[in-house]
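Notes to accompany the following structure.
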Amino acid sequence: MCQHCPTHTTNPSVTLSVHLPEWINEVVDWQHPLHSDDDKMALAVELARQNVLRGTGGPFASIIIHRTSGQLLSVGVNQVVAQNNSTLHGEVMAIMLGEQRLQTFSLGNSSDEYELFTSCEPCAMCMGAILWSGVKRLVCAATGDDARAIGFDEGPVFEQSYAYLRNAGIDVVRGMLQPEGKAVLELYLQQGGKLYNGKADD
């Protein structure tokens with residue numbers, strides 16, 4: 001039997017636990033509202049940068065903000081390699097933790113509106129997660145091309161994908177603080193970060 005395969009004597013897991021790195025609260029001031037788009041994106045990019053510098057995951061991070069109050073609902077940093085889970089992208093982490101905090105399966109279930117700022121344009125999986133999350137606004141820094149340039153496979157994401165989000169009522173802004181987001185990707189490459197494109201031996 002393959003060394004990676006479960007043995008017949010081991011029961012499959014029926015629980016799953018995901019968590020953010022312990023340093024998050026050193027960087028995030030949960031009580032301080034963020035009102036400008038630049039400040040919101042700066043936090044998302046800084047979380048991605050810290051994830052790289054501290055060696056706790058990939059060069060991607062996202063935050064979810066209440067649109068009116070500027071209050072931070074949740075944050076997410078890439079945890080794919082750290083927690084052995086291909087779905088733990090920054091956007092997905094932020095969405096899951098935000099919905100858990102509000103105890104709802106959709107951030108669009110009330111009159112409150114939330115927006116998601118992400119340090120890089122979403123991959124195919126995260127595009128779907130954003131669509132179903134209920135957020136009303138998506139703001140991106142680095143581009144998908146920036147991610148592909150260092151070796152990441154973003155999957156089938158097209159201009160029509162963004163049009164679909166807009167048609168579903170999600171405001172989309174791309175390229176905000178793009179140089180800063182791109183710099184985090186390049187830092188990850190310079191530091192020899194793992195390119196996790198669906199193969200454990202990449």
Side-chain angles (χ1 to χ4, degrees), residues 13-21 24-25 28-37 39-45 47-48 51 57-58 60-80 82-83 85-142 144 147 154-176 181:
S13 176
V14 294
T15 63
L16 175 67
S17 176
V18 298
H19 54 86
L20 292 172
I24 288 291
N25 288 331
V28 177
D29 182 352
W30 295 96
Q31 304 307 315
H32 180 66
L34 300 172
H35 294 294
S36 77
D37 283 352
D39 286 346
K40 296 169 188 176
M41 185 57 79
L43 176 58
V45 170
L47 286 168
N51 209 33
F60 307 99
S62 299
I63 67 170
I64 296 178
I65 296 273
H66 187 267
R67 290 190 72 172
T68 304
S69 69
Q71 197 65 45
L72 191 63
L73 174 68
S74 62
V75 306
V77 295
N78 184 285
Q79 291 289 280
V80 169
Q83 298 187 46
N85 190 321
S86 61
T87 69
L88 297 186
H89 292 198
E91 296 94 329
V92 171
M93 290 288 287
I95 290 167
M96 289 194 299
L97 292 167
E99 290 174 348
Q100 180 187 63
R101 183 176 181 184
L102 294 179
Q103 290 295 287
T104 178
F105 61 84
S106 173
L107 300 177
N109 275 346
S110 69
S111 58
D112 290 333
E113 290 191 356
Y114 290 92
E115 53 190 0
L116 188 152
F117 282 69
T118 183
S119 65
C120 184
E121 290 178 347
C123 70
M125 177 185 70
C126 293
M127 289 291 281
I130 289 165
L131 172 65
W132 296 117
S133 71
V135 298
K136 297 301 183 183
R137 188 173 184 234
L138 167 67
V139 186
C140 313
E154 298 298 272
V157 179
F158 314 105
E159 287 303 314
Q160 297 95 316
S161 306
Y162 291 99
Y164 195 101
L165 293 184
R166 292 187 178 99
N167 289 338
I170 301 174
D171 182 25
V172 177
V173 179
R174 299 161 69 187
M176 180 170 293

Can you give me the closest heavy-atom contact between [X] and [Y], atom names plus distance?
| X | Y | value |
| --- | --- | --- |
| E121 | C140 | CG-CB, 3.7 Å |
| H35 | S69 | CE1-O, 3.0 Å |
| A61 | A44 | CB-O, 3.4 Å |
| A124 | P156 | CB-CD, 3.6 Å |
| M41 | V139 | CE-O, 3.4 Å |
| C120 | E91 | O-OE2, 3.8 Å |

Side chain to side chain, [X] and [Y], heavy atoms closer than 4.5 Å:
| X | Y | result |
| --- | --- | --- |
| I24 | L47 | yes |
| L97 | V75 | no |
| V18 | Q79 | no |
| L43 | L72 | yes |
| I63 | V28 | no |
| N51 | F60 | no |
| V92 | M125 | yes |

Ignoring hydrogens and angles, tell me if any N or O in the side chain of [X] forms a donor-acceptor pair with the backbone of [Y] under 3.5 Å.
| X | Y | result |
| --- | --- | --- |
| S74 | A94 | yes |
| Q83 | H19 | yes |
| T118 | S62 | no |

Not counting sequence neighbours, list each pair that qualifies as a side chain to side chain donor-acceptor pair (under 3.5 Å) and has a residue in residues 94-104.
T104-N109

Once you round to the nearest 0.5 Å, how far does [atom1] of [X] lie from [atom2] of [Y]?
| X | Y | atom1 | atom2 | value |
| --- | --- | --- | --- | --- |
| L73 | W30 | CG | CH2 | 8.0 Å |
| I170 | Y164 | CD1 | OH | 10.0 Å |
| L138 | L116 | CG | CG | 6.0 Å |
| E154 | M127 | CD | CE | 11.0 Å |

Using the salt bridge (Lys or Arg N to Asp or Glu O under 4.0 Å) criterion, which residues pair with R166? Sequence neighbours excluded.
none

Could you pull out all residues at least two apart from D171 that satisfy salt bridge (Lys or Arg N to Asp or Glu O under 4.0 Å)?
R137

The criterion is ring pair (Phe, Tyr, Trp, His ring centres under 6.0 Å); which residues satisfy it with F117, sequence neighbours excluded?
none

Enumerate donor-acceptor pairs with a distance under 3.5 Å from any side-chain N or O in residues 129-136 to protein atoms, sequence neighbours excluded.
residue, atom, partner, partner atom, Å
S133, OG, I130, O, 2.8
S133, OG, V135, N, 3.2

So the salt bridge (charged side-chain N to carboxylate O under 4.0 Å, His left out) pairs with at least one residue in residues 67-80 (sequence neighbours excluded) are R67-E113, R67-E115

